[in-house]
Amino acid sequence: MQRIVVVGTSGSGKSTLAACLADRLNLKLVEPDALFWTANWQQVERSTFRARVTEAIEADRWVFPGNYSSARDLVWARADTLVWLDYSFTLIFWRLLRRSVQRIRTQENLWDTGNTESWRKQFFSIDSLFVWIVKSYGRHKREVPQLLKQPEYAHLRLLRFASPRDTFRWLDTLPKY
C-alpha cells in the first residue's frame with residue numbers, strides 16, 4: 001500500500017483514518033479540502049482543483065481522503081488501494097454532529113483558510129453537511145460498487161469496512177514505520 005484513497009460518506013471518518021494511515025505508514029497526507037476551499041468558503045475553479053490534485057498525487061507514497069468526483073479519475077487511477085468506510089447512516093450522523101459542535105465551539109480554522117463552521121451554516125442552511133449526507137448516503141452506497149466494476153479501476157485493492165471496530169482492527173495489523 002503506497003497510494004491509498006479513503007472514501008465514505010461525509011462524517012464517516014475519512015480524514016481521521018487517512019491521518020492515522022499517513023502516520024503509521026509514513027505516507028504523505030493529501031488534504032483535498034485544503035486544495036478545494038479558499039477564504040469565505042469559496043471554491044476554486046474545477047481546473048485549478050484538478051491541477052492541485054495532480055500535483056499532490058505525483059508523489060510515490062500518499063493517502064487521499066475524499067469523494068471529490070471532479071478528481072476521482074485522477075486519484076483512483078493512481079491509487080493502489082481503496083479503503084471504503086461503509087458505515088451506517090446513524091453512526092455517520094452522530095459522528096458528524098459531534099464533529100460539527102466541536103468545530104463550532106472551538107472556531108477551528110479549517111485548512112488554514114480562515115473558514116470556520118457556524119450554527120447557521122451547519123443546522124439552518126440547505127448547504128449543511130447534514131442535508132448533504134441525507135441526499136448522498138444512499139447514492140454513495142450504490143455508486144462505489146458500480147465505479148469499482150469499471151475496468152480503469154480494476155487494479156485497486158478494495159478494503160471495505162462496515163464498522164469502526166473492523167477498521168481499527170485492520171489498522172492495528174499494519175506495520176509502523
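Just so you know, these numbers use all the heavy atoms, side chains as well, and skip hydrogens, waters and symmetry mates.
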Given Leu21 and Leu174, is the side chain to side chain contact (heavy atoms under 4.5 Å, CB included) satisfied, shown in steps?
CA-CA 9 Å; Leu21 288 168; Leu174 299 178; 3.6 Å; yes
Where do Leu97 and Phe123 land on the side chain to side chain contact (heavy atoms under 4.5 Å, CB included) test, with the steps shown first?
CA-CA 10 Å; Leu97 179 63; Phe123 297 101; 3.7 Å; yes
CA sep, side-chain torsions, deciding dist, call: Ser100, Leu129, side chain to side chain contact (heavy atoms under 4.5 Å, CB included)
CA-CA 9 Å; Ser100 296; Leu129 283 177; 5.5 Å; no
Go through the steps for Trp111 and Leu35 under the test side chain to side chain contact (heavy atoms under 4.5 Å, CB included), then give the verdict.
CA-CA 9 Å; Trp111 319 293; Leu35 305 176; over 6 Å; no
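Two different hydrophobic clusters hold Val5 and Val83 under the rule that ILVMFWY side chains link at heavy-atom gaps under 4.5 Å. Phe124 is connected to Phe130 through a chain of hydrophobic side-chain contacts under 4.5 Å among Ile, Leu, Val, Met, Phe, Trp and Tyr, so both are in one cluster. Linking Ile, Leu, Val, Met, Phe, Trp and Tyr whenever their side-chain heavy atoms come within less than 4.5 Å puts Leu74 and Leu147 in one cluster. Follow the hydrophobic side-chain contacts under 4.5 Å out from Ile133 and you never reach Val144; the two are in separate clusters. No continuous path of hydrophobic side-chain contacts links Trp41 to Leu96 [ILVMFWY only; heavy atoms under 4.5 Å].
The salt bridge (Lys or Arg N to Asp or Glu O under 4.0 Å) contacts involving residues 10-27 comprise nothing, where partners must be two or more places apart or lie in separate chains. Note on residues 97-110: pairs passing salt bridge (Lys or Arg N to Asp or Glu O under 4.0 Å), not counting sequence neighbours, are Arg103-Glu108, Arg103-Glu117.
With sequence neighbours excluded, the residues satisfying side chain to side chain contact (heavy atoms under 4.5 Å, CB included) with Glu45 are Ser47, Thr48. Every side chain to side chain contact (heavy atoms under 4.5 Å, CB included) that Tyr137 has, sequence neighbours left out, goes to Thr9, Phe89, Ile92, Lys141. Here Arg72 pairs with Glu143 under the salt bridge (charged side-chain N to carboxylate O under 4.0 Å, His left out) rule; sequence neighbours left out. Residues passing the salt bridge (charged side-chain N to carboxylate O under 4.0 Å, His left out) test with Arg52: none are found, sequence neighbours excluded. By the side chain to side chain contact (heavy atoms under 4.5 Å, CB included) test, Arg78 pairs with Arg3, Ile57, Asp60, Trp62, sequence neighbours left out. Remark: Arg169 pairs with Asp166 by the salt bridge (charged side-chain N to carboxylate O under 4.0 Å, His left out) rule, at least two apart or across chains. In this structure Lys28 satisfies the side chain to side chain donor-acceptor pair (under 3.5 Å) test with no other residue, sequence neighbours excluded. Residues passing the side chain to side chain donor-acceptor pair (under 3.5 Å) test with Thr38: none are found, sequence neighbours excluded. The side chain to side chain donor-acceptor pair (under 3.5 Å) search around Thr113 returns Asn115, not counting sequence neighbours.
Judged by distance alone, with hydrogens and angles left aside, the side-chain atoms of Trp170 form no donor-acceptor pair with the main-chain N or O of Arg165 at under 3.5 Å. A donor-acceptor pair is defined here as one N or O able to donate and one able to accept, closer than 3.5 Å; no such pair exists between the side chain of Asp86 and the backbone of Phe161.
Atom CZ of Phe93 is separated from atom OG of Ser10 by 13.5 Å, given to the nearest 0.5 angstrom. Interatomic distance, CG of Asp73 versus CZ of Arg50, reported as 4.0 Å (0.5 Å rounding). A distance of 12.0 Å separates OG of Ser88 from CH2 of Trp94, quoted to the nearest 0.5 Å. To the nearest 0.5 Å, atoms CD1 (Ile104) and CD (Gln122) are separated by 6.0 Å. Going from atom CG of Leu148 over to atom CH2 of Trp84 covers 7.5 Å, rounded to the nearest 0.5 Å. Rounded to the nearest 0.5 Å, atoms CG (Leu17) and CZ (Phe168) are 6.0 Å apart.
Of all the heavy atoms in Phe49 and Ala71, the pair that sits closest is CE2-CB, 3.7 Å. Across every non-hydrogen atom of Gln107 and Thr116, the tightest pair is OE1-OG1, 3.1 Å. The heavy-atom pair separating Gly114 from Asn109 by the smallest distance is N-OD1, 2.7 Å. Nearest heavy-atom pair, Leu25 versus Pro175, reported as atom, atom and distance to 0.1 Å: CD2-O, 3.6 Å. The two atoms that bring Leu171 and Cys20 nearest to each other are CD2-CB, 3.9 Å, heavy atoms only. Contact between Ala22 and Val63 at its shortest, heavy atoms only, is CB-CG1, 3.8 Å.
With a 6.0 Å radius and a threshold of 12 heavy atoms from other residues, nucleotides or ligands, Gln2 has its CD atom above the threshold. Heavy atoms of other residues, nucleotides or ligands lying less than 6.0 angstrom from CH2 of Trp119 number more than 12. Atom CZ of Arg139 is surrounded by more than 12 heavy atoms from other residues, nucleotides or ligands within 6.0 Å.
Under the 4.5 Å side-chain criterion, counting only non-hydrogen atoms from C-beta, Trp37 is not in contact with Gln42. Taking 4.5 Å as the limit, every side-chain heavy atom of Val53 sits out of range of all side-chain heavy atoms of Tyr68. Residues Pro164 and Leu91 have side chains in contact (heavy-atom distance under 4.5 Å, counting atoms from C-beta outward).
Among the candidates Asp33, Leu85, Leu29, the single residue satisfying the side chain to side chain contact (heavy atoms under 4.5 Å, CB included) test with Pro65 is Leu29.
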Below 3.5 Å, can you tabulate the donor-acceptor pairs from side chains in residues 149-159 to any protein atom, sequence neighbours excluded?
unit_1, atom_1, unit_2, atom_2, d
His155, ND1, Glu152, O, 3.3
His155, NE2, Trp76, O, 3.2
His155, NE2, Ala77, O, 3.4
His155, NE2, Ala79, O, 2.9

